[in-house]
Number of protein chains: 2
Amino acid sequence: MQAEIITIGDEILIGQIIDTNSAFISKELNKTGVSVYQITSVQDEKEHILQALSEAEDRADIIIITGGLGPTKDDITKHTICEYFNDTLVQNDEVLAHVEELFARYISTPISEVNRRQALVPSKAVALMNKFGTAPGMWLEKNGKVFVSLPGVPYEMRALITDEVLPRVRQKFELPFILHKTVLTYGMGESAIAEKIESWENDLPSYIKLAYLPNLGKVRLRLTAKGKDKELIEKEVDKRVESLRQIIGDIIYGTENDHSIEFLIGSLLTEKGMTLATAESCTGGKIAERITAQAGASAYFKGSVVSYATEVKTNILGVPEAAIKEHSVVSARVAEEMAKNVRQLLKTDFAISTTGNAGPSKGESDAEVGTVFIGIASPEGIFSFEANMGNHREKVINKTANKAFELLQKEILKF
Amino acid sequence: MQAEIITIGDEILIGQIIDTNSAFISKELNKTGVSVYQITSVQDEKEHILQALSEAEDRADIIIITGGLGPTKDDITKHTICEYFNDTLVQNDEVLAHVEELFARYISTPISEVNRRQALVPSKAVALMNKFGTAPGMWLEKNGKVFVSLPGVPYEMRALITDEVLPRVRQKFELPFILHKTVLTYGMGESAIAEKIESWENDLPSYIKLAYLPNLGKVRLRLTAKGKDKELIEKEVDKRVESLRQIIGDIIYGTENDHSIEFLIGSLLTEKGMTLATAESCTGGKIAERITAQAGASAYFKGSVVSYATEVKTNILGVPEAAIKEHSVVSARVAEEMAKNVRQLLKTDFAISTTGNAGPSKGESDAEVGTVFIGIASPEGIFSFEANMGNHREKVINKTANKAFELLQKEILKF
C-alpha cells in the first residue's frame, strides 16, 4: 500500500515555513502499515495542483493533501479538488453548525459570509470534522483510490489524521506490518561501522533494509522490515539486532527510536536517585538546555554555570587563575577544575564541564578552532577528554554536547 | 527562472527526520531571484530518483538535489546521477586530498577505501568543495539546465549553497528581482482582515501577490513582488504597505526580518559596548544557548546561572529564602531578584531571568502549568513580566525565550 503526500502553499516554496506536517503524516502512515512513496510540495496554483494530483494518482493508492483550505483568496485547494473530481460544492450543515459554534465561543469578531463558506464541501466528499478549526477535512474516493484533503495548520491536521483519517484507512485497506527499529551508536564513523558489519549486512533477508543515519558523532542504524507476519518480523528484527550487538556492542547506547541520549540519562539518574550539574563554556548552555527540555528534569538536574567569560570561571566556579595562566583557559586542567568545582558548588553526584573554541575565530586562548576539553566529575573522581570537533561553530557545540552525554552515560552506568 | 528541489532519503519518507534543507534552499534561491516551483522528496531507490530527475528537468531550469551522498551502501545518489548523465566516476585529486586531510585532523578512525571513494565524481561534473565534510557537491549542466547535487547534512549543504552554488547561479543566469515583505498583525482573524482590506487587495498590481499566514492568534500578511526593476518594486511594495497601515495600522506590530532577534541583540550590544548575563530557571539554559550560538558572542555575553533547583537560586544567586517563602519560587519578586543578582554577580550591564512552570505537571510552586515570570535588569533598574505560555513544555520554553529577547531588545534600545 503506497501513499503520497502533497503539501500546498507558497510559504513552503519560498522557505518561509518548514514543512513539519509531512514528517508527522509519514510517521503515522508508516506505523499503520502504509509506505509513503513521495512527498510533493507545490504552489497555490490551480494547474500545478491538478498536475500533482494526477501524477500522484498514477503512483499511489492514498493521496493526502494538506494546506490551502483557509477562507481567504489565496486558498484554492477546495475549488481545485472540486474541479479534479468534476464536482460542485454543497453546504454541509454539520460543519456550518460547528463553524458557528467556534465563532460564538472563541472568536471575538462576528462571523461573516466568508467564514460560513468553510462549510461548503464537494458533494462527493465525506466531511471530516475539525474540532480545532473551521476548515473540515475531506475524504474522497475514485477507482478504489483515496484522496484526503486536510488543513495545513499543524495541530488541526494532526488531530484529523489521528482521529479521522487513520481509522478509515485501516478499515478500507488490508495493510501489511511495517517495523522500524533504530540502533543508536556513538564513537565510530559510518564508514568504519559499515566495514565492521559488512557480512552481517549482506546476510540480512531481503525484507529487512538497513540505513545509516550519521549525525554529529553519532550514527543511527535503522532497520526497516515489512511483511504480513507481524510476529515473524518482530522476532527476526530482534534476532538481527542481537547479532549486531555481538559485533559492535561497545558503541551501541540504545535502540529506542524515539529516545534521545539526554532522555536515557534522565531515566538512569532518576532510577538511581542521583543528580547532575554542568559548567559550560564553549557549549554556552546547550547541554543544560537539552537536559531541561526533558519533562521531569528537576528530579535530577540542579543547574548550570555557563561561564562564558574567563572571569566567571574564576569568580563563580573558583578555577585558580594560576591554572588558567599555566595551562590556558582551553585545557584539560581547566575542564577538570570546572567539573570538580561545579559539582561541589551545586552539591550533585555528577558534573559535566566544557571549555573550548567553537570558532569561527580564535578566542582568548591560543587553541585551534574546534579544540574542546570535556570534564566529567563523579563521586569517584574527575577526568577529562580532548577532541577537535571540526571547524563549524554549530557542529562544534552540538558534537561537544553529544560527546559529553556519551562520556557521562558511561560514567553513570558504573554506579 | 524556475528551480526544483529533490530531497533523497528514506528517513524523510518514514518521518524520521523533518526536511529543513528545502526551506533553507528555497529561501536562498528566492533572495537570489529564482522561484522554486516544486519540492519533491523521494526514496533511496534508483528508478524513483531517475524519474524525479527527468520530471524536474521538464519543468525547471535549476534542479537541486540533496542527500544520499554518504559512503555507505544505502547512499546511491552519485551512481544514479552518473547513470542519468551517461557518465562514469573519476577520481578528483583535490577532493581526495581534502578527505585525507579531514581524516588526519578530525577523525580518530583510520581512512579506508570506502572513505577515499568520496573523491569519485562524475567526469562531467564540477566538484564543489565541501569544507565541512567528505562528500563534495557536484555541478552538472545539460541543455542549458543546471543540476546540483549536495550532501544532506544541513550545515554542509548550507555552506555549499552559500559559497559555491549561489555565486555560480548568479553568474550563469540573468535573474529577476524577487521581494518578499511580511507584515505582522495580531488581534484579528484572517477572514476579518480579508474583509477589511478587500478593496486594497483588489487594487494590487498583478506583479504583487498577497498571502495570509495565520498562526496562533497572529496573522502574517506576505506581499511578494517580482520583476526586473528593483527600485520600482521596492518603492511600490513600500507604498502598498503604507496604505495598508492606514486601514489596519492598529493591528500591525512589525514587519518581518531575516535576522533572528538574538542576532539583532548581539549587534546592538556590540555596537554599544555593553554586556549581558542570564539567570534561567524554566528556560534551563535555552536563552544562553541561543545567544552563544551566535559567532562573536563572547564580546557581550559573560555567562549564565541556570538555577533549576531552588537551592541554586538561594545559594548561588542569593535570592532571599524569605522572598521565596512569601511569594513562591514562581513569582515576579523572585524573577526580579534573579535578574538583579546575576547582573551584579557577573558584572554586566543587562540581565535576563526566567522562572516558571514549563509543565507537563506542577512543580515546586503552586503556579499553573505555563505560568512564567521574566525579569529584566538594566543600569536603570529592574522590572518583570508575567504571562501564561500555554500547556506544551517545548512551547513554553521557546515562547518564554522569545518574549525575554523582545523585552530585552526594547530595553537595550533605551541606552
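Since the model is a prediction, treat every value here as computed from it, not as a measurement. Side-chain atoms are counted along with the backbone in the values below, which use heavy atoms only and exclude waters and symmetry mates.
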Qualifying residue, where the test is side chain to side chain donor-acceptor pair (under 3.5 Å) with Q38(A) and the options are Q51(B), H48(B), Q43(B)
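Testing Q38(A) for a side chain to side chain donor-acceptor pair (under 3.5 Å) against Q51(B), H48(B), Q43(B) leaves exactly one candidate, H48(B).
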
Check each atom of [X] against the heavy atoms of chain A and say whether the ones under 4.5 Å are side chain, backbone, both or neither.
X       : value
A297(B) : both
V305(B) : both
I316(B) : side chain
E280(B) : neither
L345(B) : both

Which atoms form the tightest heavy-atom contact between [X] and [Y], and what is the distance?
X       : Y       : value
F301(B) : Y308(A) : O-CD2, 3.5 Å
I397(A) : A293(B) : CD1-CA, 4.4 Å
S26(A)  : G15(B)  : CB-N, 3.6 Å

I want to check something: taking the side chain as every heavy atom from C-beta on, are [X] and [Y] in contact at a cut-off of under 4.5 Å?
X       : Y       : result
I39(B)  : L13(A)  : yes
E55(B)  : E55(A)  : yes
F132(B) : N391(A) : yes
K209(B) : D10(A)  : yes

Taking side chain as everything from C-beta outward and backbone as N, CA, C, O, which of these in [X] sits under 4.5 Å from a heavy atom of chain B? Side chain, backbone, both or neither.
X       : answer
I178(A) : neither
Y37(A)  : both
R59(A)  : side chain
A52(A)  : neither
L213(A) : side chain

Between [options], the one whose heavy-atom pairs under 4.5 Å with chain A are most numerous:
options                            : value
T275(B), D75(B), N30(B), T134(B)   : N30(B)
I14(B), L210(B), T40(B)            : I14(B)
K286(B), R222(B), E190(B)          : R222(B)
A194(B), G359(B), A211(B), A295(B) : A295(B)
E394(B), H180(B), K347(B)          : H180(B)

Salt bridge or not between K395(A) and E156(B)? Use side-chain N to carboxylate O under 4.0 Å.
no

Between the side chains of Q16(B) and T182(A), is a donor N or O closer than 3.5 angstrom to an acceptor N or O?
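Distance-only check passes for Q16(B) and T182(A).
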
If we define contacts as heavy-atom pairs under 4.5 Å, which of [options] has the most with chain B?
options                   : value
P360(A), G390(A), S307(A) : G390(A)
S41(A), A23(A), G303(A)   : S41(A)
G285(A), A288(A), S304(A) : S304(A)

Quick one: side chain to side chain donor-acceptor pair (under 3.5 Å) partners of E11(A), sequence neighbours excluded?
none

Residue list, side chain to side chain contact (heavy atoms under 4.5 Å, CB included) with V114(B), at least two apart or on another chain
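Partners of V114(B) by the side chain to side chain contact (heavy atoms under 4.5 Å, CB included) criterion, ordered by chain and then number, come out as S191(A), E195(A), P71(B), S112(B), R117(B).
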
To the nearest 0.5 Å, tell me how far D19(B) CG sits from T20(A) OG1.
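D19(B) atom CG to T20(A) atom OG1 measures 11.0 Å (nearest 0.5 Å).
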
When you measure from the side chain of R393(A) to the backbone N and O of T292(B), does any donor-acceptor pair fall under 3.5 Å?
yes

Could you go through E368(A) and R105(B), starting from their C-alpha distance and side-chain angles, then the distance that decides it, and tell me whether this counts as salt bridge (Lys or Arg N to Asp or Glu O under 4.0 Å)?
CA-CA 11 Å; E368(A) 282 287 312; R105(B) 282 183 66 170; 3.7 Å; yes

